[in-house]
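Not measured: the values here are computed from a predicted model. The analysis underlying the following values was restricted to heavy atoms, covering all of them including side chains, and did not include hydrogens, waters or symmetry mates.
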Amino acid sequence: VQLQASGGGLVQAGGSLRLSCAASGRTFSSYSMGWFRQAPGKEREIVATVSRNGAITYYTDSVKGRFTISRDNAKNTVYLQMNSLKPEDTAAYFCAAANADSDYILVYKVSQYNYWGQGTQVTVSS
């Protein structure tokens, strides 16, 4: 599967952005999907994940209550709605797909993801 992320940009603190990740292929619904971010000099970290059917989600603590991950399997797309953005959210954001055997599995580790999109830069000014 090929992934294409978009929607990044420059926004002031407190603002919002919506990232999209479009997947090629007809097996999108068989993958657990995740959003990760990587700031300069830091390791790539998980931001949010969503199960194959969208029923289960996970968020890292720093984004809970501000970010929402969702997916539309009919459109082969996963989204990350980011509200109340903070300067510390500045990073390159990546979407990724992981093989999953069940609709109710979440995948948390970078190493467990099989496919990656290119990054989209999010910059939050103070």
Side-chain angles (χ1 to χ4, degrees):
V1 62
Q2 292 184 322
L3 305 173
Q4 180 73 37
S6 61
L10 173 63
V11 64
Q12 289 187 334
S16 298
L17 284 173
R18 188 194 197 201
L19 304 184
S20 299
C21 176
S24 64
R26 294 175 290 179
T27 60
F28 178 72
S29 60
S30 67
Y31 296 100
S32 176
M33 298 298 296
W35 283 99
F36 294 78
R37 65 187 178 187
Q38 188 167 17
K42 294 188 177 181
E43 292 186 353
R44 189 168 297 188
E45 64 172 355
I46 190 168
V47 176
T49 69
V50 61
S51 60
R52 295 189 328 189
N53 62 358
I56 304 174
T57 57
Y58 163 85
Y59 300 92
T60 194
D61 286 345
S62 62
V63 308
K64 284 181 181 177
R66 301 188 297 122
F67 291 11
T68 303
I69 188 171
S70 62
R71 67 189 295 164
D72 186 337
N73 286 346
K75 295 183 178 180
N76 283 8
T77 303
V78 62
Y79 305 97
L80 186 68
Q81 177 66 45
M82 304 186 294
N83 298 328
S84 301
L85 282 161
K86 303 176 180 180
E88 51 263 44
D89 295 317
T90 295
Y93 283 70
F94 300 85
C95 59
N99 291 312
D101 296 330
S102 165
D103 286 345
Y104 301 100
I105 288 177
L106 291 174
V107 182
Y108 303 98
K109 297 181 179 179
V110 171
S111 60
Q112 292 176 300
Y113 279 80
N114 308 98
Y115 306 97
W116 291 85
Q118 89 293 356
T120 185
Q121 181 66 35
V122 172
T123 302
V124 184
S125 63
S126 57

Engineer: Out of curiosity, does V78 fall in the hydrophobic cluster containing V63 (side-chain heavy atoms, cut-off under 4.5 Å, transitive links)?
Structural biologist: yes

Engineer: Under 3.5 Å, is there a donor-acceptor pair between the side chain of N114 and the main chain of N99?
Structural biologist: yes

Engineer: Where do Q81 and S16 land on the side chain to side chain contact (heavy atoms under 4.5 Å, CB included) test, with the steps shown first?
Structural biologist: CA-CA 8 Å; Q81 177 66 45; S16 298; 4.0 Å; yes

Engineer: Only pairs at least two apart or in different chains count here, so list each ring-ring contact (aromatic ring centres under 6.0 Å, His included) that has a residue in residues 48-74.
Structural biologist: Y58-Y108

Engineer: ring-ring contact (aromatic ring centres under 6.0 Å, His included) with F28: which residues, sequence neighbours excluded?
Structural biologist: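 Scan of F28 (ring-ring contact (aromatic ring centres under 6.0 Å, His included), adjacent residues dropped) gives none.
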
Engineer: Using the rule that two of Ile, Leu, Val, Met, Phe, Trp, Tyr join whenever any of their side-chain heavy atoms come within less than 4.5 Å, decide whether Y115 and M33 are in one cluster.
Structural biologist: yes

Engineer: With distance as the sole test, does S24 use its side chain to make a donor-acceptor pair with the main-chain N or O of Q2 at under 3.5 Å?
Structural biologist: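 Answer holds: yes.
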
Engineer: Where do K42 and Q38 come nearest, in terms of heavy atoms and distance?
Structural biologist: O-NE2, 3.1 Å

Engineer: Hey, does the side chain of T49 reach the backbone of S32 with a donor-acceptor pair shorter than 3.5 angstrom?
Structural biologist: no

Engineer: Under a single-linkage definition using a 4.5 Å side-chain heavy-atom cutoff for Ile, Leu, Val, Met, Phe, Trp and Tyr, are I69 and L19 assigned to the same hydrophobic cluster?
Structural biologist: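 Yes, I69 and L19 fall within the same hydrophobic cluster.
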
Engineer: So, for S20 and W35, which heavy atoms are closest and what is the spacing to 0.1 Å?
Structural biologist: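 Looking at all heavy atoms of both residues, the shortest contact is O-CH2, 3.7 Å.
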
Engineer: Could you state whether V50 and M82 fall into the same hydrophobic cluster, counting links through intermediate Ile, Leu, Val, Met, Phe, Trp or Tyr residues with side-chain heavy atoms under 4.5 angstrom apart?
Structural biologist: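 Same hydrophobic cluster.
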
Engineer: Strictly by salt bridge (charged side-chain N to carboxylate O under 4.0 Å, His left out), give each pair with a member in residues 102-126 just once, sequence neighbours left out.
Structural biologist: R52-D103

Engineer: Let me confirm one number: the OG-CZ distance from S111 to R44, rounded to the nearest 0.5 Å.
Structural biologist: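 It is 12.5 Å, given to the nearest 0.5 Å.
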
Engineer: What closest approach, in Å, do A97 and V1 show between heavy atoms, and which atom pair accounts for it?
Structural biologist: CB-CG1, 4.2 Å

Engineer: If I take atom CG from residue N76 and atom CD from residue Q4, how far apart are they, to the nearest 0.5 angstrom?
Structural biologist: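 So the CG of N76 and the CD of Q4 are separated by 13.5 Å.
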
Engineer: Enumerate donor-acceptor pairs with a distance under 3.5 Å from any side-chain N or O in residues 119-126 to protein atoms, sequence neighbours excluded.
Structural biologist:
from	atom 1	to	atom 2	distance (Å)
T120	OG1	G8	N	3.1
Q121	NE2	A91	O	3.4
Q121	NE2	T123	OG1	3.4

Engineer: Would you say the side-chain atoms of Y31 pair up with the backbone N or O of Y113, donor to acceptor, closer than 3.5 Å?
Structural biologist: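 No; zero donor-acceptor contacts below 3.5 Å.
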
Engineer: Any chance you could lay out the side chain to side chain contact (heavy atoms under 4.5 Å, CB included) test for N73 and R71, step after step, and finish with the verdict?
Structural biologist: CA-CA 6 Å; N73 286 346; R71 67 189 295 164; 2.7 Å; yes

Engineer: Among residues at least two apart in sequence or on other chains, which ones pass salt bridge (charged side-chain N to carboxylate O under 4.0 Å, His left out) with D101?
Structural biologist: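 Salt bridge (charged side-chain N to carboxylate O under 4.0 Å, His left out) check on D101 returns nothing, list empty.
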
Engineer: Look only at the side chain of Q112 and the backbone of A98, and say whether a donor-acceptor pair between them is shorter than 3.5 Å.
Structural biologist: no

Engineer: Could you note down all residue pairs passing ring-ring contact (aromatic ring centres under 6.0 Å, His included) where residues 75-96 supplies at least one of them, sequence neighbours left out?
Structural biologist: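 Matches after skipping sequence neighbours: none remain.
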
Engineer: Would you say E45 has more than 12 foreign heavy atoms packed within less than 6.0 Å of its CD?
Structural biologist: yes

Engineer: Quickly, which of I46, L80, T90, D89 forms a side chain to side chain contact (heavy atoms under 4.5 Å, CB included) with R37? Name it, please.
Structural biologist: D89

